[in-house]
Amino acid sequence: MALAEQLGADRLELANTQYLGWALPNRAALLPTQAQLTRAREVAGEARRRLRGRMEVLFVTPDYYTDLPKACMDGWGRRFIVVSPDGLVLPCHAAHTLPGLQFDSVKDRPLREIWLDSPGFNAFRGESWMPEPCRSCERRETDFGGCRCQAFHLTGNAAATDPTCHLSPDHGLIEAAREAAAAEGPAPLLYRTTRRAS
C-alpha cells in the first residue's frame, strides 16, 4: 500500500494467491489463517478510509474463504481474452494448464476466428458443459461454475463444480485446506529447484 501511495496510483487491488501452478504445492505455506485474513481486511479497510478520494483500495477475499465461487474471468470465453507473448490465445491466464484442450495462436489463425470457433474457447462457454449442482443453480449465470483451472487442479476434472462452492461435492477439499492452515502453523516453501551449497 505504501508503494502504491508513493507512486500515486489511482487504484490498488489487494488480491491473495490463487492456488494454481506452483502455488498449489506451496498452499500450506501461502494460505492465510482466518485471523491473518481478518487482520488484512482491517488494514485494507483503514487504508480505504484514509485514502478515500485519492486511491480506490480493493480487498479480494481469497477463494478458500468464501462459500460461493467467483466468476473467473467473468465466465470462460465470455468477455476476456489473453494473448500470451508467444501468440497463444487463451480464455484465462492458466487455461493452457488444462489437459485435453487445444488453444490456437494468432500466428496461425485470426483472433476473431479463434474467439468464435476454437474448441478451447468453446469448451466451457455457456451452460451445456455444466454438471450438477451448477446446471440447476440459480447462480450459474453469475459465477459460471467458478474457475475451471481451480476445479481441475483440485479435483482432476476441469468440468467439476469449483470446490470453493459450498454446494460442490468436493468442498471438503477447501475446508480441509483451511483447517490445515490454522492447525499446522507456517510451513516451509517448496522450491522448483534446490540450490547447491557452494
- Query: Below 4.5 Å, heavy atoms only, C-beta onward: do Phe103 and Val89 meet side chain to side chain?
  - Reply: no
- Give a yes or no on whether Val43 and Leu12 share a hydrophobic cluster (residues Ile, Leu, Val, Met, Phe, Trp, Tyr; joining criterion: side-chain heavy atoms under 4.5 Å apart). yes
- According to a 4.5 Å side-chain heavy-atom criterion applied to Ile, Leu, Val, Met, Phe, Trp and Tyr, with indirect links allowed, do Met73 and Leu88 form part of one hydrophobic cluster? yes
- Message: Using a 3.5 Å distance criterion without hydrogens, assess whether the side chain of Tyr19 forms a donor-acceptor pair with backbone atoms of Asp63.
- Response: no
- Are any non-hydrogen side-chain atoms of Tyr64 and Leu173 less than 4.5 angstrom apart? no
- Task: Supply the atom-to-atom distance Leu154 CG to Thr164 OG1, rounded to the nearest 0.5 angstrom.
- Result: 9.0 Å
- Query: Is it true that Ile81 and Ile114 fall in one hydrophobic cluster, defined by side-chain heavy atoms closer than 4.5 Å?
  - Reply: yes
- So, do Gln150 and Gln18 sit near enough that their side-chain heavy atoms are less than 4.5 Å apart? yes
- Over all atoms of both residues, closest heavy-atom pair of Phe59 and Leu37: CZ-CD1, 3.6 Å
- Task: First locate atom SG of Cys134, then atom CH2 of Trp129, and finally report the distance between them rounded to the nearest 0.5 Å.
- Result: 5.5 Å
- Nearest heavy-atom approach of Pro169 to Pro133 is CD-CD, 4.4 Å
- Query: Can you name the nearest heavy-atom pair linking Val57 to Ala44, along with the distance?
  - Reply: CG1-O, 3.9 Å
- Looking at Ala23 and Thr17, what are the two nearest heavy atoms and their distance? CB-CG2, 3.6 Å
- Message: Regarding Asn157 and Thr155, do their side chains bring together a donor and an acceptor under 3.5 Å, going by distance alone?
- Response: no
- Identify whether the distance between the nearest side-chain nitrogen and carboxylate oxygen of Lys70 and Asp143 falls below 4.0 Å. no
- Is the closest side-chain heavy-atom distance between Ser118 and Arg109 below 4.5 Å? yes
- Message: Please check this pair: side chain of Arg178 against backbone of Glu175, looking for a donor-acceptor N/O pair closer than 3.5 Å.
- Response: no
- Any donor-acceptor pair under 3.5 Å from Lys107 side chain to Asp86 backbone: yes
- Heavy-atom donor-acceptor pair, Asn26 side chain to Trp22 backbone, under 3.5 Å: yes
- Item | Steps toward side chain to side chain contact (heavy atoms under 4.5 Å, CB included) verdict (Leu30, Leu189) | CA-CA 8 Å; Leu30 298 172; Leu189 286 170; 4.1 Å; yes
- Query: So how far is it from Leu167 CG to Asp162 CG, rounded to the nearest 0.5 Å?
  - Reply: 11.5 Å
- Task: Measure from the side-chain N and O atoms of Arg125 to the backbone N and O of Gly77, and report whether any donor-acceptor pair falls under 3.5 Å.
- Result: yes
- Message: Within this structure, what is the OG1-CG distance for the pair Thr142 and Leu68, rounded to the nearest 0.5 Å?
- Response: 9.5 Å
- Message: Is there a side-chain contact between Asp10 and Glu56 in this structure, where contact means two heavy atoms from C-beta onward sitting under 4.5 Å apart?
- Response: no
- Query: Is it the case that more than 12 heavy atoms not belonging to Arg11 sit under 6.0 Å from its CZ atom?
  - Reply: yes
- Answer with yes or no whether the hydrophobic clustering places Val83 together with Leu90; edges join I, L, V, M, F, W, Y residues whose side-chain heavy atoms lie under 4.5 Å apart. no
- Any side-chain donor paired with an acceptor under 3.5 Å for Glu132 and Ser136? yes
- Message: Any side-chain to backbone donor/acceptor pair from Arg148 onto Ala160? Under 3.5 Å, distance only.
- Response: yes
- Taking side chain as C-beta onward, heavy atoms only, is Glu141 less than 4.5 Å from Glu127? yes
- Do Asp67 and His171 touch side chain to side chain, with heavy atoms closer than 4.5 Å? yes
- Note on the structure: For Trp76 and Ala95 the tightest heavy-atom approach is CH2-CB, 3.6 Å
- Message: Return the OH to CG distance between Tyr65 and Leu31, rounded to the nearest 0.5 Å.
- Response: 4.5 Å
- Message: Tell me if the centroids of the rings in Trp115 and Phe121 come within less than 6.0 Å of each other.
- Response: yes
- Ile174 reachable from Leu20 in the ILVMFWY side-chain graph, under 4.5 Å edges: no
- Query: Taking side chain as C-beta onward, heavy atoms only, is Pro99 less than 4.5 Å from Phe152?
  - Reply: yes
- Message: Nearest 0.5 angstrom please: Met1 CE to Arg48 CZ, how far?
- Response: 9.5 Å
- How would you list, by chain and number, every residue that makes a salt bridge (charged side-chain N to carboxylate O under 4.0 Å, His left out) with Arg78, sequence neighbours excluded? Asp74
- Item | Minimum heavy-atom distance between Ala181 and Thr33, given as atom pair plus value | O-CG2, 3.5 Å
